[in-house]
2 protein chains.
Amino acid sequence: MSATEIREHFPTFEKELIDDIEAKSEIRSFTAGEQLMRTGQYFKSTMLIVEGLVKVYREDDQGNEFFMYYLQPGQACALSMVCAVKQETSQIMAKAVKDTEVISIPLAYMDEWMGKYKSWYHFVLETYRARFEELLVTIDHIAFRAMDERLEFYLKKHVQTLGSKIIPISHQEIADELNSSREVISRLLKKMEQLGKVKLQRNSIEVIHLS
Amino acid sequence: MSATEIREHFPTFEKELIDDIEAKSEIRSFTAGEQLMRTGQYFKSTMLIVEGLVKVYREDDQGNEFFMYYLQPGQACALSMVCAVKQETSQIMAKAVKDTEVISIPLAYMDEWMGKYKSWYHFVLETYRARFEELLVTIDHIAFRAMDERLEFYLKKHVQTLGSKIIPISHQEIADELNSSREVISRLLKKMEQLGKVKLQRNSIEVIHLS
DNA sequence: GGAACAATGTGACAAAAGTCATAGACCAGG
DNA sequence: CCTGGTCTATGACTTTTGTCACATTGTTCC
């Protein structure tokens, strides 16, 4: 990936940093559906998302999953960064939702660049802050909200992230991601449809008006 | 606070860093029950816990609270650190559970010391990692576990943190912290008592044997 | 067009959690 | 000792969520 392309996606990076990234990182591609990270996997690099969309979620020992947030182009995975200090294993799952391209940076440079490039330091700190906030929002929703509200929030987030009011997803998939049951999701969606908030189609949901 | 005392509580800090902390920070004391941080409050400093115990929790707009984790001596608040980049407001509540003493460090030094002292850099990164992990564990418990399991985990955590099998707490307080109802907590505790896991007294719970 | 399969809707029922009401026990202060 | 207040136990009932079972609908492939 050329310096121009890196600058395009990460406009706050200083020139010398971009040159370093160009020289020392590699580009990796993942097709939609492919895993980027698995729970228990050792980190060797940190990833900056360039194209595509990555879903980050938790998985329990029964294989149940719980969606946390998306990583979009211009963002990075905070957990791979924060684990540079110790040889730590991943505590999250990350999967490409769309065909995805990432800049893979060996963890050794994390340390080095933090001291060397102000723009890298700020990018990393901002990444931590943003991910902390995502985690806190996630906690809020499961701690303080009922499933119907959580479902609305989930749909809203999808509209924002995907940039489309039509979400191609089945009720079962939503149930999986919210760690609920398909019937509950179907019923809540049906209720929302009756309230004019959404329009249901097979394998997709059109969001009409959510508050 | 003298250099000796700082070194005692934060043994990984290099000498020059300790001298800087000694020169530029201030010691603040909070009595049990006092707030250290409120949602919406601006950060002016970051805090290292020296003595006591601090409870970190989320509060929703109805005043419902949700316990997340404790900060013990030798630990720091990751969120105050991560907000050094921007003028951000607190998204958490923090309250002294015991009489507490903290080293309060102006946020300006966060930036400076990250580049200047390796031991500070590592301490900060480790703080982020540890707090990320706490948040992920919290999410796991509310996403994947029922209230009885969450209650057991909550009690276990208290035993570990307080270093005593006797937890001085009322059912209502537990209900508040887990954002549940007092009756549910009472019933679950009664069940646990019948299983020989705990012994209930008024305003306190003795943990006998939790897995 | 028919078969197979997956997605969705829905009824019945169960379990978990929450609310309301009330009674009994315990503790502190006068 | 008595009173007031708080903590705890518990029953009745409601709501939310989940499970099971089955039917209907839609899509794809032969």
Side-chain angles (χ1 to χ4, degrees), chain A residues 33 60 62-67 138-155 158 166-208, chain B residues 33 60 62-67 138-155 158 166-208:
Chain A
D60 77 355
Q62 255 78 246
N64 298 313
E65 73 175 70
F66 184 80
F67 168 79
T138 299
I139 286 174
D140 276 3
H141 278 93
I142 40 180
F144 297 126
R145 302 294 170 83
M147 188 59 76
D148 55 351
E149 288 176 291
R150 289 178 54 209
L151 178 56
E152 286 202 28
F153 180 77
Y154 174 88
L155 293 177
H158 270 70
I166 310 225
I167 308 168
I169 196 167
S170 70
H171 300 186
Q172 183 62 60
E173 277 176 282
I174 298 176
D176 289 341
E177 302 210 315
L178 299 181
N179 196 35
S180 178
S181 74
R182 196 273 302 160
E183 291 90 338
V184 168
I185 300 300
S186 292
R187 285 186 167 111
L188 291 177
L189 284 171
K190 188 79 182 188
K191 226 184 329 192
M192 283 169 74
E193 189 179 45
Q194 285 161 354
L195 291 174
K197 297 182 173 188
V198 298
K199 187 165 186 294
L200 301 180
Q201 293 119 19
R202 187 180 171 94
N203 273 322
S204 80
I205 297 165
E206 182 182 348
V207 174
I208 309 285
Chain B
D60 76 356
Q62 256 76 247
N64 298 312
E65 74 176 67
F66 185 79
F67 168 80
T138 298
I139 286 175
D140 277 4
H141 279 92
I142 40 182
F144 297 126
R145 302 295 169 84
M147 189 59 76
D148 56 349
E149 286 177 290
R150 290 178 54 210
L151 178 56
E152 284 202 29
F153 179 78
Y154 175 88
L155 293 178
H158 270 69
I166 311 228
I167 309 168
I169 196 167
S170 70
H171 300 187
Q172 184 62 59
E173 277 177 280
I174 298 176
D176 288 341
E177 303 210 311
L178 299 182
N179 196 36
S180 179
S181 73
R182 198 271 306 158
E183 292 90 337
V184 168
I185 299 300
S186 291
R187 288 186 168 113
L188 292 177
L189 285 171
K190 187 79 180 186
K191 225 185 329 190
M192 282 169 74
E193 189 179 45
Q194 286 162 354
L195 291 174
K197 296 182 176 188
V198 299
K199 186 164 185 299
L200 303 179
Q201 293 118 20
R202 187 180 169 98
N203 275 320
S204 80
I205 296 166
E206 181 183 349
V207 174
I208 309 285

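Chain letters run A, B, ... following the sequence lines, proteins first and then strands; every chain starts at 1.
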Tell me which of L189(B) and R145(A) sits closer to the 5' end of DNA chain D, going by the nucleotide each one is nearest to. L189(B)
Identify, between L200(A) and A146(B), the residue whose nearest nucleotide on DNA chain C lies closer to the 5' end. L200(A)
Residue M147(A), side-chain heavy atoms: nucleotide from dT8(C), dT17(D), dT8(D) that is nearest: dT17(D)
Looking at R182(A) and dA6(C), is any side-chain donor or acceptor paired with a base atom of the opposite kind under 3.5 Å? no
With rounding to the nearest 0.5 angstrom, report the CZ to OG1 distance, F66(B) to T138(B). 6.5 Å
Whole-Å distance between dT10(C) P and L188(A) CG? 13 Å
Just call it for E193(B): base, sugar-phosphate, or nothing, with non-hydrogen atoms closer than 4.0 Å on any strand. nothing
Base, sugar-phosphate, or nothing for S181(A), non-hydrogen atoms under 4.0 angstrom? base
Mind telling me whether F67(A) and Y154(A) have parallel, tilted or perpendicular rings, with 30° and 60° as the class edges? perpendicular
Identify the two heavy atoms, one from I208(A) and one from G196(A), that lie closest to each other, and give their separation to 0.1 Å. CB-O, 3.5 Å
On the nucleotide dG18(D), are OP1 or OP2 found under 4.0 Å from the side-chain N or O atoms that S180(A) carries? yes
Using a distance-only criterion (donor-acceptor N/O pair, under 3.5 Å, no hydrogens), is the base of dA6(C) paired with the side chain of R202(A)? yes
Contact class for E173(A) (heavy atom, under 4.0 Å): base, sugar-phosphate, or nothing? nothing
Only one of E206(B), Q201(B), R202(B) forms a side chain to side chain donor-acceptor pair (under 3.5 Å) with S204(B), so which one is it? Q201(B)
Rounded to whole Å, how long is the line connecting atom CG of D176(B) with atom P of dT8(D)? 12 Å
Looking at every non-hydrogen atom in both residues, tell me the closest pair between I205(A) and L155(A) and how far apart they are. CD1-CD2, 4.3 Å
Nearest-nucleotide pick for K190(A), side chain only, options being dT27(D), dT19(D), dG9(C): dG9(C)
So which one's nearest nucleotide on DNA chain D is more toward 5', R187(B) or Q172(B)? Q172(B)
Considering only heavy side-chain atoms of H171(B), the closest of dA7(C), dT10(D), dT8(D) is dT8(D)
